[in-house]
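See below for the structure under consideration.
The structure presented is a predicted model; accordingly, all values stated were derived computationally and were not measured. Both counts, for ligands and for their atoms, begin at 1 and track the order of listing. Nothing fancy with the numbering, it's 1 onward along the sequence.
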Amino acid sequence: MTDAFFASDETLSDADGFDAACLRATIDLGALRDNWLTMRRLSGSARTAAVVKANAYGLGIEAVAETLYAAGARDFFVANAEEGAELRPFAPDARIFVLAGLWPGIESVFLDYGLVPVINSEEQLAFFMGLLAEHGEYPCALHVDTGMNRLGLSLPEALALADDPSRPASFSPVLVMSHLACADTPDHPLNGRQLDAFRQVSKAFEGVDASLANSAGVHLGTEYHFDLTRPGIATYGGQAVNGVANTMAPVVTAEARILQVREARAGETASYGAAAMLTRDSRIAIVGAGYSDGYHRGGSGAGVPLRQSLPKGAQGFLRGCRVPQLGRITMDLTLFDVTDVPGAKAGDYIELFGPNLSITEAAAAAGTIDYELLTSLGHRYDRLYLDPED
Ligand SMILES: *Cc1c(COP(=O)(O)O)cnc(C)c1O
C-alpha cells in the first residue's frame with residue numbers, strides 16, 4: 001500500500017461515504033410514494049392502507065412510513081406489536097393494525113402505542129373480550145380465514161360471532177378482513193370462492209369496514225376492493241401479478257463494488273467447489289456482496305443443487321451490459337464474468353437489481369420471489385434515501 005495508490009483513488013475524498021461503500025442501496029422515496037398513489041388510484045373508492053411489516057419490506061420503517069404518511073396513508077399494517085411501537089412516531093394519528101394479534105403479556109404495548117389488534121382466533125378473541133370487560137371499549141380488527149388456512153377465525157365462527165346476542169356492547173370491531181391465497185394467479189378458482197365467503201362476512205358485520213385485497217387483489221377488480229385495500233409489494237416496486245407486466249416504478253437499486261478484476265485462463269475454474277469451468281480466457285470481477293447480504297446463494301451461476309431446475313443463475317448490470325454471475329456465490333463475495341465489458345475495473349459498481357435489472361428477475365434467478373429478496377437485504381448495505389421532493 002503506497003501513498004501513490006491512495007492518491008490515485010478518485011473516491012478518496014469521500015472514503016467513508018456512499019460513493020465508496022462496499023455495498024450500497026439507493027431507495028427512491030419518490031417512486032415509493034408514486035407507487036402507493038397508483039395503488040390508491042387503482043383502489044377506486046376504497047381507502048388504501050400502507051403495509052409496512054418487516055421493516056417496510058426491508059427498506060426501512062422510518063423513511064417509508066414518513067413518506068407514505070405524507071402521501072396520505074392513515075391505515076398501516078405491521079406484523080407484530082414491536083413493529084407497531086417502532087412505527088408509531090412516524091404515523092402519529094394513524095390506525096396501526098397488528099396482524100399477529102394479541103395474547104397475554106403484550107397488552108400494554110397495544111395500550112401504550114394505541115395499536116389495533118387483528119383478532120385471529122377464538123383464543124385471541126376470548127382474551128380480548130376479557131380485556132374489554134376490564135378496561136372498556138377498545139378497537140380491534142377481525143381476521144376471517146376464507147380459504148388460506150393461515151390465520152383467522154373460520155367462516156362459521158365469524159358468522160356466529162356476528163349473530164351472537166350476548167356480544168358485549170364494548171366489542172366494536174373497526175375492520176373485518178381476510179387474505180387471498182392466490183391473488184397473484186387471477187384465474188385461480190380459489191379467488192372467487194374466497195370472495196363469496198368474504199361477502200358473507202362483510203354482510204354479517206354490516207357497518208364495519210371490510211378489507212380483502214393485497215397488491216395482487218387490487219388488480220382482481222373492484223368487487224375485491226371493499227372499503228380498504230392493503231397493498232404491500234407493489235408499493236415497493238415488486239411484481240404483484242404473475243405473468244403480467246409490472247408497471248410499478250423500481251424503488252430499490254442494490255449495487256456492489258468491484259474489489260478486484262482478475263484474468264483467468266480457459267480450463268481454469270472459479271469459486272468454491274470449482275463448480276464453474278471457464279470455457280474461454282476470462283476477466284472476473286469480484287464484488288463485495290454475498291449471501292450474508294441477502295444476495296441468495298441459490299442464484300449461483302453454478303454448483304448449487306437448490307436451483308438446478310432453472311437454466312441460469314443471477315446476472316448483474318455493469319456499464320450498459322448484462323454480466324453473468326460466475327460459480328458459487330459466497331458469504332461476502334460474488335464473482336461476475338466481465339470479459340465482454342470493456343473497461344470494467346475495481347471501483348465500478350455492479351447493479352444486483354434496480355432499474356436495469358428487476359428485483360423480480362433477480363429473485364427468480366435465485367429461485368425466490370421479490371418479497372424475500374427485499375426483506376433479506378442485509379445490514380451491510382449503505383443506504384441512501386432519495387427525497388420525494390428532489
Ligand atoms: C403482507 C400482507 C399484505 C400485503 O401483501 P402484498 O402481497 O405485499 O401486497 C396484505 N395483507 C396481509 C394480511 C398481509 O400479511
Quick one: nearest non-hydrogen protein atom to [atom], plus distance?
atom	result
atom 5 (O) of ligand 1	N214 CB, 3.4 Å
atom 9 (O) of ligand 1	S215 OG, 2.5 Å
atom 3 (C) of ligand 1	K53 NZ, 3.6 Å
atom 11 (N) of ligand 1	R230 NE, 2.9 Å

Under a 3.5 Å cutoff, is there a donor and acceptor pairing between the side chains of [X] and [Y]?
X	Y	result
Q325	T334	no
D93	Y69	yes
T368	H296	no

(request) Verify the ring-centre separation between F110 and Y138: is it less than 6.0 angstrom? (result)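 Between Y138 and F110, the centre distance exceeds or equals 6.0 Å.
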Margin query: Geometry only, no angles: is M177 polar-contacting ligand 1 at N/O separations under 3.5 Å?
Written below: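 Between M177 and ligand 1, no N or O pair is found under 3.5 Å apart.
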Atom indices of ligand 1, in the order listed, that fall short of 4.0 Å to a heavy atom of [X]:
X	value
P231	9 (O)
Y57	1 (C), 4 (C), 5 (O), 6 (P), 8 (O)
Y371	6 (P), 7 (O), 8 (O)
L99	13 (C), 15 (O)

Dump the intermediate steps for side chain to side chain contact (heavy atoms under 4.5 Å, CB included) on I258 and K345, then the final yes or no.
-> CA-CA 7 Å; I258 299 180; K345 62 171 189 354; over 6 Å; no
What part of [X], side chain, backbone, both or neither, has a heavy atom within less than 4.0 angstrom of ligand 1?
X	result
H143	neither
R150	side chain
H179	side chain

Q | Pairing residues for F336 by the ring pair (Phe, Tyr, Trp, His ring centres under 6.0 Å) criterion, not counting sequence neighbours | A |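 For F336, no residue satisfies ring pair (Phe, Tyr, Trp, His ring centres under 6.0 Å) once neighbours in sequence are set aside.
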**Message:** Can you pull out every ring pair (Phe, Tyr, Trp, His ring centres under 6.0 Å) where at least one residue sits in residues 139-172? Sequence neighbours excluded, please.
**Reply:**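 Of all non-adjacent pairs touching residues 139-172, none passes ring pair (Phe, Tyr, Trp, His ring centres under 6.0 Å).
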inquiry  = With heavy-atom distances below 4.5 Å as the criterion, would you say the side chains of M39 and T229 are in contact?
reply    =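 SC-SC contact between M39 and T229 ruled out.
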